[in-house]
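Read the structure below first, then the notes.
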Amino acid sequence: MTEPTPLNELIATVRQEDTATLRPGASDTGALPRAEVRETHTAVVLFVGDRAYKLKKPVDLKFLDYTTVEARREACEREVALNRRFAPDVYLGVGEIRVPDTEAPEPVVAMRRLPAERRLSRLVREGAAVDEALRAVARLLATRHASAPHTPEVDAQGTRDALSSRWEASFAQVRAMAGEGRVPEGVAEIEQLVRRYLAGREPLFDMRIEQGRIVDGHGDLLTEDIFCLDDGPRVLDCLEFDDQLRFVDGIDDAAFLAMDLEQLDAPEQAAFFLARYSEYSGDPAPPSLRHHYVAYRAFVRAKVSLIQARQGAPDANLAARRLITSALRHLRASAIGLTLVGGLPGSGKSTLSGALADRLGVTLLSSDRLRKELAGIPAERPSAAPYGEGLYTPEWTATTYAALLERAATLLSRGESVVLDATWSSAEQREAARRVAERTHADLVALHCQVPDEMTAARLQHRAAGPSDADLDVATAIAAREPPWTEAVVIDTSGPLEAAVSQALTAVRPHDTGPLVFRRPYMEAG
């Protein structure tokens with residue numbers, strides 16, 4: 001039960017006041033900003049002069065209970081302590097409001113009032129240049145993450161299973177809201193993509209913990225709460241009522257702001273911010289993880305919008321649909337893929353493999369290069385031999401493909417998609433690749449490069465020395481023994497490279513609807 005308190009009367013009075021009557025006299029000259037009142041579901045904030053005063057509401061919302069003065073005071077003190085990490089000169093301390101006929105004074109968070117026109121959300125909506133501001137926010141966030149303490153309690157929230165539990169809780173809430181009705185379009189596919197990604201990525205999350213990437217972060221990084229001042233950003237209102245929701249992967253913390261920027265129709269700024277955060281934090285996280293966390297933040301906000309829609313909030317359903325669409329796009333982009341690019345020597349498979357891996361921003365592994373690496377030979381040194389001899393005996397070939405797939409499996413489990421450049425001329429090799437994809441919950445796509453025989457002969461005759469030693473006799477011998485590859489998508493590599501790349505991209509990324517690329521810092525421009 002809510003404790004009887006004059007704070008309820010104070011809040012009611014504040015709501016009824018005309019803010020014009022709260023204006024300090026100097027406001028007529030423009031010296032001080034107009035007084036304002038703002039209200040959230042947990043607090044009322046009074047903006048008077050150059051100060052802001054936040055009072056906690058005496059409410060019990062299950063996930064927090066502020067029904068006693070002691071609880072509200074503790075919450076105020078905690079808010080000041082945690083937020084001083086990001087804006088030390090804004091959070092001035094905890095004060096008191098004394099109301100006649102009350103035994104205990106009411107605690108209040110005293111803050112420096114910041115100029116509304118410098119809110120990041122407003123600047124983005126107005127089309128202002130914000131790259132330098134985002135760079136500064138990324139640097140601040142990376143710095144705070146670097147100094148955050150690491151404890152078993154913090155690390156526990158970074159496991160694959162902890163993230164899975166948070167996703168599943170959101171799925172259950174969304175389905176419960178739908179009741180007997182239909183869940184929003186896209187939710188079923190989101191569930192499938194999330195579970196598939198997490199199922200094969202436990203080593204990735206274990207590695208993130210080992211690298212110290214799980215931090216006591218901000219937890220609620222919104223453009224509305226970031227102020228871009230001349231002497232640097234001030235980031236307000238971190239999540240203070242539940243520590244576990246603030247114990248997150250650093251990329252997850254940064255992804256919150258990236259998601260919010262996207263919802264303001266600023267996707268380029270979102271990608272720029274994530275790249276700068278990764279640069280300043282020295283974080284080599286795979287692009288798939290960044291997409292996954294942006295999707296997670298979008299889905300959580302979609303859930304909140306669905307709750308608001310049930311409460312009658314205007315446009316909340318529209319916002320939820322947009323957020324679900326965003327989550328779905330990022331999850332499709334985060335899907336882990338194992339792409340086999342095969343074909344006879346001279347078919348252009350290596351050229352296509354390199355171009356495709358570059359376009360997708362994924363790892364390329366080549367059987368020709370690995371074969372020589374295993375033999376201790378430089379990749380460019382010739383090592384030609386007749387079919388089935390030298391480095392190309394069945395035993396050497398089996399060893400090469402086993403090592404190729406072992407490396408691929410390690411990368412896939414760590415969130416890296418892979419393109420494998422090899423002939424893939426035997427059913428056993430293809431089946432081994434299928435098993436790796438199945439074990440790592442990766443999407444397997446096989447591409448079979450084909451050109452007319454006369455083009456193969458011409459290419460091999462004029463090919464410069466390189467990792468591959470195959471000549472026309474070897475290509476002819478492979479062709480005579482190669483079984484049909486019915487599950488592979490045939491790629492015509494006789495024409496322009498761009499045409500072949502376009503065919504390959506359609507097969508590998510059938511849902512691609514435009515740029516959603518998060519590359520590592522060293523691949524970023526400027």
Side-chain angles (χ1 to χ4, degrees), residues 193 196 286-288 291 329 331-370 401 404-405 407-408 411-412 415-426 429-434 436-438 440-453 455-456 459-460 463 466-468 470 475 478-479 482-519 523:
L193 289 170
R196 183 168 175 78
S288 73
H291 281 296
R329 289 187 69 208
L331 287 169
R332 286 171 174 170
S334 78
I336 302 302
L338 176 61
T339 303
L340 314 182
V341 183
L344 296 175
S347 65
K349 63 179 178 57
S350 294
T351 301
L352 176 62
S353 296
L356 180 62
D358 183 64
R359 186 70 61 86
L360 293 171
V362 305
T363 302
L364 170 65
L365 297 178
S366 163
S367 63
D368 289 327
R369 291 182 176 277
L370 181 56
Y401 274 82
L404 187 72
L405 290 172
R407 292 189 184 186
L411 290 166
L412 294 167
E416 303 280 4
S417 290
V418 182
V419 171
L420 297 183
D421 167 24
T423 59
W424 301 106
S425 59
S426 81
Q429 294 163 359
R430 299 166 189 172
E431 173 59 21
R434 187 198 64 78
V436 166
E438 184 178 70
T440 57
H441 298 265
D443 298 334
L444 178 64
V445 176
L447 307 177
H448 196 184
C449 298
Q450 294 184 1
V451 297
D453 292 345
M455 184 172 286
T456 297
R459 286 178 174 177
L460 291 174
R463 184 164 65 179
S468 175
I478 294 174
E482 184 179 46
W485 201 0
T486 55
E487 64 271 28
V489 176
V490 174
I491 304 295
D492 179 3
T493 47
S494 62
L497 175 59
E498 187 56 38
V501 171
S502 179
Q503 292 180 58
L505 286 172
T506 299
V508 175
R509 295 287 191 190
H511 296 295
D512 189 17
T513 57
L516 260 183
V517 179
F518 292 153
R519 294 184 182 270
M523 302 179 74

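This chain uses plain numbering: 1 for the first residue, then up along the sequence.
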Between Arg332 (side chain) and Arg509 (backbone), is there a donor-acceptor pair under 3.5 Å? no

Listed by chain and number, what are the salt bridge (charged side-chain N to carboxylate O under 4.0 Å, His left out) partners of Asp492, not counting sequence neighbours? none

Tell me whether Ser417 contacts the main-chain N or O of Gly337 through its side chain, where contact means a donor paired with an acceptor under 3.5 Å. yes

Counting only N and O atoms by type, is there a donor-acceptor contact under 3.5 Å from the side chain of Ser288 to the main-chain atoms of Gly415? yes

Of all heavy-atom pairs linking Leu338 and Ala408, the shortest is CD1-CB, 4.3 Å

The salt bridge (charged side-chain N to carboxylate O under 4.0 Å, His left out) partners of Arg459 (sequence neighbours excluded) come to none

Taking ring-ring contact (aromatic ring centres under 6.0 Å, His included) as the definition, give me every residue that meets it alongside His448, ordered by chain and number, with sequence neighbours left out. Trp485

Note: Cys449 and Val341 closest approach over all heavy atoms is SG-CG1, 3.8 Å

Mind checking whether Arg196 and Asp443 have side chains closer than 4.5 Å, heavy atoms only? yes

Any donor-acceptor pair under 3.5 Å from Tyr401 side chain to Arg430 backbone: no

Donor-acceptor check, side chain of Ser334 to backbone of Leu331, threshold 3.5 angstrom: yes or no? yes

What pair of heavy atoms forms the shortest contact from Trp424 to Ala433, and how long is it? CZ3-CB, 4.0 Å

Any carboxylate oxygen within less than 4.0 angstrom of a Lys/Arg side-chain nitrogen, looking at Arg369 and Asp421? no

My understanding is that only residues two or more places apart in sequence, or in another chain, count here; which of them pass side chain to side chain contact (heavy atoms under 4.5 Å, CB included) with Ala479? Leu344

May I have all residue pairs that pass salt bridge (charged side-chain N to carboxylate O under 4.0 Å, His left out) and include part of residues 333-347, sequence neighbours excluded? none

Between the main-chain N or O of Ser347 and the side-chain N or O of Thr493, is there a donor-acceptor pair closer than 3.5 Å? yes

Those residues at least two apart in sequence (or on a different chain) that pass salt bridge (charged side-chain N to carboxylate O under 4.0 Å, His left out) with Glu498 are Arg359

Which of Leu340, Leu356, Val419 passes side-chain contact (heavy atoms from CB on, under 4.5 Å) with Leu447? Answer is Leu356

Please determine whether side chain to side chain contact (heavy atoms under 4.5 Å, CB included) holds for the pair Leu352 and Ile491, giving the CA-CA distance in whole Å, both sets of side-chain angles, and the decisive distance to 0.1 Å. CA-CA 10 Å; Leu352 176 62; Ile491 304 295; 3.9 Å; yes

